[in-house]
Amino acid sequence: MSAASAQSRPALPSIDFSSIRPRPRWRELWLLLLVGIALSVGSVSLGATERVQAGKALSFSPAQSQPLLAYLGALLLANLAQVLAGRRTDQVLLPAVGLLGGISLLLMERLPQNLVSQSIGGMTLGLGQVQLLWLLLAVAIITVLAIVVRSDAWLRLYKYTWAAVGIALLVLTFVRGEDVNGARLVLRLGPLSGQPTELLKVIVVVFLAGYLSEFRPLLVEQDSRIGPLRLPPVPYLAPMVGMVAIALGIVVFQRDLGAALLFFLVFLLLLYVATARSAYVILGLLLFVAGSYLMYRLFPVVQSRVDVWIDPFRDASGSGYQIVQALHAFARGGILGTGLGAGLPMVGGRPPIPEVHTDFPFAALGEELGLVGVLAILGVYLVVIERGLRIAAAAADDFRALLAAGLALVVGVQAFIIAAGNLKLVPLTGITLPLISYGGSSILANAVVVGLLLALSDKGVEPPPPPRVGGRLAGLRSRLVQSGR
Amino acid sequence: MSGEGRLAFGRLRSAGLRAGRGAIGQNVGRAGVTLALAFVVLAAGAGYWQVYRAQELSTAPDDPAVVAAARNVVRGRILDRTGAVLASSKKDSNGEPYRTYTDPSMSPVIGYASRQFGTAGLEHTYDGQLAGVVSADPIQQLLSKFRADPNDPQDLTLSLSLKLQKAAEKALGNDKGAVVMLDPRTGEVLTLVSAPTFDASPIANPSTSQKAFDTLRQDKDKPLLNRAIQGLYVPGSTFKIVTSIAALSSGAITTDTSYPQQPKAEKTGLLVSGYRVRDGHHPFTDDRALKFPEAVEVSCNIYFALTGLRTGGQKLADWAGKLGFGHPIPFDLTTETSQVTNGGGKFGGGFKDDVEVANAAYGQAEVLATPLQMALVASTIANDGVLMKPHLALSFSSARNGTHTVAPEQLADVTSPDVAGEIKSAMERAVEGNFGEIFTPGAAVPGIPTAGKTGTAQLGSGEPHSWFIGFAPVDQPRVVIAVIVENAGHGASRAAPMAGDLMKLYFDTFGR
Amino acid sequence: MDPLILSLWLIRLAFLALLYLFLFSVVRVLLRDIRQAAREPSTELGRLIVAASPSGEPPSGSVFPLDAVTSIGRDVNNSVVVEDDFVSGEHCLLTFRGRAWYVEDLGSTNGTYVNGDRVDGIAALGFGDELQVGNARLRLERSHR
């Protein structure tokens, strides 16, 4: 993202720092307090369960208090920083996202720490510690974006540059990337490595929002005619469809089916939001069905995924192993769950579900928190989506509306795809559960999404209070006029 | 871009930019509703796996929790109905438990629990309960997850009698075959013998496991196959009871029905659609046209072929279906599905033609049944037309949980007590009647009125299989038996006397 | 039942209950927002209807939904741009303060009039009042939705 802010300099309006006044955010603070209490109780529950399982005497103290305290402290700091910045931004998003991140932290502390090992400066960090670092960084990114971003020009004006950056990222991954489970997902540049598709999803939304808002009147009203047929305005649709097709094509070549599905669904939804023409959506779905069938016939990977989806129990110890184990985990959880730390029976020193920390955290939570917990988590995702879409509906112009809607949809659709995959509602794809799965790329990309949503939610200058004396108005006038220009 | 002020978030809004924005707000709402509906589907999916399928999946033998528990937990014992120990655990040199089994005659039923080869038989079915992962008490089950020793291994008491089981296995000797005995009033299975059997103890013992399993797998006699529930045999004349139930229940015949062409057909064969159904002549009945009870007593094939044709393939298949043919029988172990025909034929009930119906009516053609299935047929008659669900597990008990008893269940209301009574008295004649005694020697339990029916399954080549199904005492039956001995000749020669001896042993053991 | 085990159970359920307490609190906030939005549809606090506009820009009859702060003038950066020779670049400012609308003359050359009276500094503006800016006459009305 650092390259991005460098480009945007010329269009940034100067911020009048003298006009910044602290604004309390009681609502956010209260909700963060609830989040803190809930997570602390969860941590105590986890700690006590682990102690009982280790055969020690039962006592009620949290599993590991420092990581959770550090995380909660970061959330409070984020609140404080926003109070000082004084913007009238959304007060529900941060607590909701903070709860998801906190659940992620508890889960990653609870899983076997040796699933991940990262050496930083001579220290070897395990799963929970690495995730904590990413989460702290995520809170920082959210806060900085929420406070600093005051203009959308750097996103709107350079949409083709963004598209080019995205495609370059994909091509680079394709050429230089490393294979993970038969999919070319990970790009390694020097000491850094990450999954470019996570960042790409933000870029795709920015591009689509920019393009659609610019050509919205044409897409809504104009038709191109071929004889008696009324068709959508092909020339205006072509560049956008082309961009999506390129993205999809490369994604398919990388075998990253989850990301392909995500991009496509978000594209369709956003196209609908921009134009309200269901014909586009129907056309898109027809293309999707045809494309899926073609891929099913052409790619053995797709074929085997679909076959496993239809009946995973037929090869429960082979190709269907992961999903069958996930379903068993849901079943063991039942309604109330086994409790944090009490689920996931170890098989040969490993959790029963491979990749539980990246692809199946939803199944693990399903086991330990039960159906009741699963519904709560789905509820929190719906809250995030609702806030995002409300921000979109209240946005001042088309670009911001489409950007906010796209960012909210990308989180919601991604959560749906992986959760539905875990539950065998759709074929399983290797995609992360936003804000809960382990992984730097995923956590940070979603932090960018949340940070932008917060910045977009700014309600602007508050209506001034009723005048007491006529003479005071001169100051008010100059303030309003100056800051407005 | 008319000015930078417009680009800044949260500054003055321009009224001019509002044109058409209401529409986007609406579209956003619709997209949100779509996504919310998708999340409702997710919730429903979670409910399906976490509530509807939870019990089944979480107690499945291949569930990691069950597997992990099975490895370290001292499994509950398995006991017979009198409390005799059938399976218990020992510890090896590492302190890890393994199973030992009392008697090989029980092996086809109990199966084995081996570290190398997993579980089979009842050890597989009730793995969760024996390993203590599943509790009969749901509240205990929830609380158990927080214990230091979460598992609550339960002892499993079976309805089987070790004494009867041993006797039945000994009676079969070196022959292949099966014996099923059950209580018609409750469906409790008393004996479920399959011969040849095997010894499960060496499979469960880690030091001999591999060798024992390899030897068994290569055995041509297939001792791992439980013939009582997985062996499909031509039932021969024992199937006439099924035909009787269908014919009398549907009103196709009464007990007074006779067929004038029957005596002649015994000598010339019965012409059905150009094909001759043949039967030996019954020398004892002269050239009389037989009525139903006599036809059962002398086991007249022509009579039942004609009855089958009068009843029709559809009704024959319907009533057979009520008795359990055509679908797996709900039972503690996986059963093979019995059939009256291969199906797919154009004729009613899936038969090919009249000829197949006529032959099926006396238990030939494509009719195939497991010994358990034929025991259920006799059980239905014995219990006044009501078929009880057969079961092996009587109760589960543990120190923590107390004892939970498995209640008897009704499987089907097959026919009226009247029809059952008519068939019952005909079957009594088949054992105790003047001619019956000639056909069914040795089946009668001395001093107790006994009913039954022999069968001789004609095979393409080789000696026929010898069948007997029956029950006693006739007025209030307490024990039902089905015996098959492979390639042992006529039903009368081998199966009937064995059944008589085993029923006598039942009354000697459990009282008259 | 072991009391310690029982309390472990309770704390486990307490975690789940707290998740729902959070959701409940959030939903209350969301509902309040929705109700608020319904009371003040899309923060539209009122609307200006152009009653007469000799210059033709804005055309008479056009409607401007108003935000809390709306500037009127000939300059393009105003919220409501009135192309009239007698209108100053930054002519006047409409503000919604608490419950009522106020109009403030920004030192215009030809003045701002409410129902024919010249505004000196700041004046209250009621719904139905007519505002005269140059030759243009604009009427403040309540929003309908």
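Naming convention: chains lettered A, B, ... in sequence-line order (proteins, then strands); numbering from 1 in each chain.
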Just so I understand: if I count every heavy-atom pair under 4.5 Å between each of [options] and chain B, which residue has the most?
options: A:L265, A:L382, A:T89, A:N422; value: A:L382
options: A:L389, A:L344, A:I335; value: A:L389
options: A:L270, A:L423, A:V324, A:L269; value: A:L423

inquiry  = Can you tell me if B:K222 has over 12 outside heavy atoms packed within less than 6.0 Å of its NZ?
reply    =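 No.
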Would you confirm whether [X], through its side chain, and [Y], through its main-chain N or O, come within 3.5 Å as a donor-acceptor pair?
X: B:S209; Y: B:A204; value: no
X: B:Q50; Y: A:G333; value: no
X: A:H328; Y: B:L57; value: yes

ask   = Given the rule in the side chain to side chain contact (heavy atoms under 4.5 Å, CB included) test, do B:E123 and B:R75 qualify, once you have shown the distances and angles that lead to the verdict?
value = CA-CA 10 Å; B:E123 293 268 32; B:R75 297 167 75 86; 2.9 Å; yes
Chain B heavy atoms under 4.5 Å from [X]: which part of the residue, side chain, backbone, both or neither?
X: A:L327; result: both
X: A:A405; result: side chain
X: A:L375; result: side chain
X: A:I385; result: side chain
X: A:V413; result: both
X: A:E386; result: neither
X: A:L402; result: side chain

request  = For the pair A:Y381 and B:F39, name the ring-plane relationship: parallel under 30°, tilted 30 to 60°, perpendicular over 60°.
outcome  =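 Tilted.
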ask   = Under 30°, 30 to 60°, or over 60°: which ring-plane class applies to A:F313 and B:W49, parallel, tilted or perpendicular?
value =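 Geometry flag for B:W49 against A:F313: tilted rings.
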Heavy-atom pairs under 4.5 Å with chain A - which of [options] has more of them than the others?
options: B:A46, B:G45, B:G47; value: B:A46
options: B:A54, B:A60, B:A44; value: B:A54
options: B:A38, B:G29, B:G32; value: B:A38

message = Go through it in stages, so that I can follow the logic: the residues are A:T49 and A:L340, the test is side chain to side chain contact (heavy atoms under 4.5 Å, CB included), and I'd like the CA-CA distance, side-chain angles, deciding distance and then a yes or no.
response = CA-CA 7 Å; A:T49 307; A:L340 277 172; 5.9 Å; no
key: Residue pairs, two or more places apart or on separate chains, that pass salt bridge (Lys or Arg N to Asp or Glu O under 4.0 Å) and touch residues 365-379 of chain A   =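 Pairs touching residues 365-379 of chain A that pass the test: A:R110-A:E368, A:R332-A:E367.
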